[in-house]
Asks: 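Quick one: the structure is below, questions incoming.
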Amino acid sequence: CECTPESALSVQYLRLLHNFCDRDCDNYFGRRLLLSDEEREYVFSDRNWLDLPHERPTLNPGLFSKVVGAFIDESDDSPYRFWLASCAESYLRGSSAHEQLFAAKSGLLLHLVEDIISDRLHCAGSLQTSFDLLGELCKGNSEVLHLLVSTLDEDSFRKLMSAAAANLVDSNVFLRSLLLSVERISAGKLFGSVGAADPPANPWKNHAYGPWTGKAGLSTKFYLTHSWWDAATSSLNGLDPSNSRSKRLSDSEQSCDEARSSDWFPGRFIVKQESALGMPAEDPSSFNSSIGYNGWLFSPSHVQLPTDPHDPLGWALGDAAFSPNTIERLTWFLVTNQARLLRDLLGVVDLRNINHENICCLNTAVVVAMFASRRLQLPGVLYELKRMNEEDKDASKRRKREMQKNPREVRSLVQAISFMDIEDSRGRLLRPGSLRRLSSRLGDRTDVMRNFRELLWFWSEYYTHRGRDRLSLEFSSHLRFHEWCKVVSLLAADDGSSTALSRRPVRLPKSPYQRAPRIVDNPRRGNDGSAC
């Protein structure tokens, strides 16, 4: 792009706007200043959003609407597109369900879906921008999720999920949002909401998509996630009436905030038996017509009806799973492919290349394992993951034997590669003399189970020493950090159990927090290492 002083100033303004909205709390009042008074009245009024058309009525636009409109109008290679999307994403992160629906009805949802499934070549980072913003739109919101799937036919559903499966570094946050939303709906159907009537005897027969909600009110905001909950200021004499939050909000807006629950999942998620959805098919050949990228299944050939009325995913086992524009079909896709999702996520990140850009892939893998554990499916998922890994190893050995039959062709290929600068799967440049095998198995992605175990060591080292990152992890997932640690402990038990990745302890690097400080960091010494 051609950067000018004017464009640099515009980017700085967008960065300022992003920082203004970006807060790790569930109810930041300041972001609503980006809505006009007319928009705020429209957003928080009592209405059935699903009965409204995708295009909302013309209202006096606030700053948020102008940002969304500019994002839709920008070209793919525009220097402003990323920052406009970042502003919209920071506004939606932690916003209410009403604000998510307002943004989705602005044409943003349709624009993002069309951009992702289009056949054009995307610029660097463009696909990730669209996936991240789409994920923030529908995260935890059953109504936006319904709007999303209602726009898809069989072809567009396959294109959207194929693009996600083939670009996991770009799409894993979007897939995580879908998993969180679907699991919240499942919890609502199985347990009902806190304070509501008891769930029906056969919850899977109820086709309502209401999410699970916990207790509401400021008194429930005592977890790490809610340490910055936006509350009214107080003095020694009590609440300050001049700065009371109720004075700044309309009655409808205040009632919406008071009814909001920050908990998306019940604290005790207890199921009686493993769900019938997600079990390996007895006859894999029956899926040949629906197999897509890297073995992913996109459409069911048959769906096994639930035998237990309390099956946690029984509501998704029915005729609706055959239609691409239903949440049942989306649920079937996500749960059926959870082992494949794990395998592919662990195929793009290892202990040698993990960084701030791809650690989200590891977090998504842990979320997949966490929800599988809640549904009593973790042993089955790990067994399927191990089976697919063994099949990949056998296929690699067969290819190696075939190459050994033609050594002249192999030597010609290696000689040709030695004159080219190309990148391998880990992003390192292959140059003459660099084709030797690594002396250590550390970071070997061909062994998925070991790679996952090594990455969990890194995950524990990273998050147990960074409280601010734990806050962001809880806030983005609405899952308590002790739940993350619980499933990581199960996977890293190294005791040969059905939920452990390894049968015996794995040799791991020494923790950087156990190393002695460097001499240059010693305050008793000078910059040159000599004693002061």
Side-chain angles (χ1 to χ4, degrees), residues 164-165 168 171-184 186-187 264-266 268-271 274-275 277-280 296 312-313 331 333-351 354 358-389 445 447-464 470 473-474 476-503 506 508:
L168 284 178
S171 68
N172 74 91
V173 174
F174 165 68
L175 292 174
R176 192 196 313 170
S177 297
L178 296 183
L179 288 167
L180 292 168
S181 304
V182 165
E183 197 70 15
R184 191 182 183 192
S186 297
W264 285 5
F265 310 99
R268 299 183 63 188
F269 195 100
I270 302 176
V271 297
E274 181 182 355
S275 175
L277 180 58
M279 292 182 179
W296 285 57
L313 294 172
T331 304
F333 170 81
L334 292 172
V335 178
T336 301
N337 292 291
Q338 55 188 343
R340 298 173 185 84
L341 176 58
L342 267 179
R343 176 198 61 191
D344 293 347
L345 284 170
L346 299 171
V348 297
V349 61
D350 58 53
L351 201 56
I354 191 167
N358 56 25
I359 193 176
C360 55
C361 294
L362 176 57
N363 288 331
T364 302
V366 177
V367 168
V368 173
M370 194 183 309
F371 288 150
S373 178
R374 283 178 172 233
R375 298 189 295 265
L376 305 181
Q377 292 182 326
L378 184 57
V381 170
L382 295 182
Y383 175 82
E384 185 72 6
L385 182 63
K386 183 177 180 181
R387 183 190 63 81
M388 290 188 295
N389 187 41
R445 277 184 252 168
D447 190 343
V448 176
M449 309 296 281
R450 181 183 175 88
N451 186 35
F452 198 5
R453 177 64 184 89
E454 293 174 351
L455 288 171
L456 291 180
W457 169 85
F458 176 86
W459 188 94
S460 299
E461 291 291 326
Y462 184 86
Y463 281 107
T464 54
R470 291 198 300 271
L473 194 65
E474 283 195 350
S476 64
S477 64
H478 287 255
L479 291 164
R480 306 300 168 205
F481 186 68
H482 68 82
E483 294 187 61
W484 290 80
C485 292
K486 181 180 178 181
V487 72
V488 169
S489 298
L490 288 175
L491 294 169
D494 297 340
D495 57 0
S497 62
S498 59
T499 58
L501 292 168
S502 177
R503 296 181 179 180
V506 178
L508 297 167

Asks: Are any non-hydrogen side-chain atoms of Leu351 and Trp457 less than 4.5 angstrom apart?
Replies: yes
Asks: Output, in order, the C-alpha distance, side-chain angles, deciding distance and verdict of side chain to side chain contact (heavy atoms under 4.5 Å, CB included) for Leu342 and Glu384.
Replies: CA-CA 10 Å; Leu342 267 179; Glu384 185 72 6; over 6 Å; no
Asks: Whether the side chain of Asn363 engages the backbone of Trp459 through a donor-acceptor N/O pair (distance < 3.5 Å, no angle test) should be reported.
Replies: no
Asks: Compare every heavy atom of Trp264 with every heavy atom of Ser477, then report the nearest pair and how far apart it is.
Replies: O-CE3, 4.4 Å
Asks: Does any non-hydrogen side-chain atom of Leu179 lie less than 4.5 Å from one of Leu341?
Replies: yes
Asks: Taking the side chain as everything from C-beta on, heavy atoms only, tell me whether Gln338 gets closer than 4.5 Å to Arg375.
Replies: yes
Asks: Applying side chain to side chain contact (heavy atoms under 4.5 Å, CB included), run through Leu180 and His478 and close with a yes or a no.
Replies: CA-CA 9 Å; Leu180 292 168; His478 287 255; over 6 Å; no
Asks: If only atom types and distance count, is the side chain of Thr336 paired as donor or acceptor with the main-chain N or O of Phe333 below 3.5 Å?
Replies: no
Asks: Return the minimal non-hydrogen interatomic distance between Ala369 and Leu491, and the atom names on each side.
Replies: CB-CD1, 3.9 Å
Asks: Below 4.5 Å, heavy atoms only, C-beta onward: do Leu175 and Leu168 meet side chain to side chain?
Replies: yes
Asks: Using every non-hydrogen atom in the two residues, find where Ser171 and Ala164 come nearest and quote the distance to one decimal.
Replies: OG-O, 2.6 Å
Asks: Sub-3.5 Å donor-acceptor pair from the side chain of Asn389 to the main-chain atoms of Leu385, do we have one?
Replies: no
Asks: Quick one: CD on Glu454 to OG on Ser502, what's the gap to the nearest 0.5 Å?
Replies: 10.0 Å
Asks: With heavy-atom distances below 4.5 Å as the criterion, would you say the side chains of Glu483 and Val487 are in contact?
Replies: no
Asks: Nearest 0.5 Å please: distance from the CD1 atom of Ile354 over to the CG atom of Asn451.
Replies: 9.0 Å
Asks: When you look at CZ of Arg503, are more than 12 heavy atoms from neighbouring residues, nucleotides or ligands closer to it than 6.0 Å?
Replies: no
Asks: Any chance you could lay out the side chain to side chain contact (heavy atoms under 4.5 Å, CB included) test for Met388 and Val448, step after step, and finish with the verdict?
Replies: CA-CA 9 Å; Met388 290 188 295; Val448 176; over 6 Å; no
Asks: Side chain to side chain contact (heavy atoms under 4.5 Å, CB included) between Leu334 and Val368: does it pass, once the steps are laid out?
Replies: CA-CA 10 Å; Leu334 292 172; Val368 173; over 6 Å; no
Asks: Using a 4.5 Å cut-off on heavy atoms from C-beta on, say whether the side chain of Val335 contacts that of Gln377.
Replies: yes
Asks: Checking Arg470 against Glu474 for the salt bridge (Lys or Arg N to Asp or Glu O under 4.0 Å) test, could you report, in this order, the C-alpha distance in whole Å, the side-chain angles of both residues, the deciding distance, and whether it holds?
Replies: CA-CA 6 Å; Arg470 291 198 300 271; Glu474 283 195 350; over 6 Å; no
Asks: Mind checking the SG-CG spacing from Cys360 to Leu473? Nearest 0.5 Å is all I need.
Replies: 11.5 Å
Asks: How long is the span from the CZ atom in Arg176 to the SG atom in Cys361, to the nearest 0.5 Å?
Replies: 8.5 Å
Asks: Any idea which heavy atoms bring Phe458 and Ile359 closest together, and the distance?
Replies: CE2-CD1, 3.9 Å
Asks: With rounding to the nearest 0.5 angstrom, report the CG to OG distance, Leu378 to Ser498.
Replies: 7.5 Å
Asks: If every non-hydrogen atom of Thr364 is compared with every non-hydrogen atom of Val173, which pair is closest and at what distance?
Replies: OG1-N, 4.5 Å
Asks: From Leu456 CG over to Glu461 CD, what is the distance, rounded to the nearest 0.5 angstrom?
Replies: 12.0 Å
Asks: Is the shortest side-chain heavy-atom distance between Asp494 and Arg453 below 4.5 Å?
Replies: yes
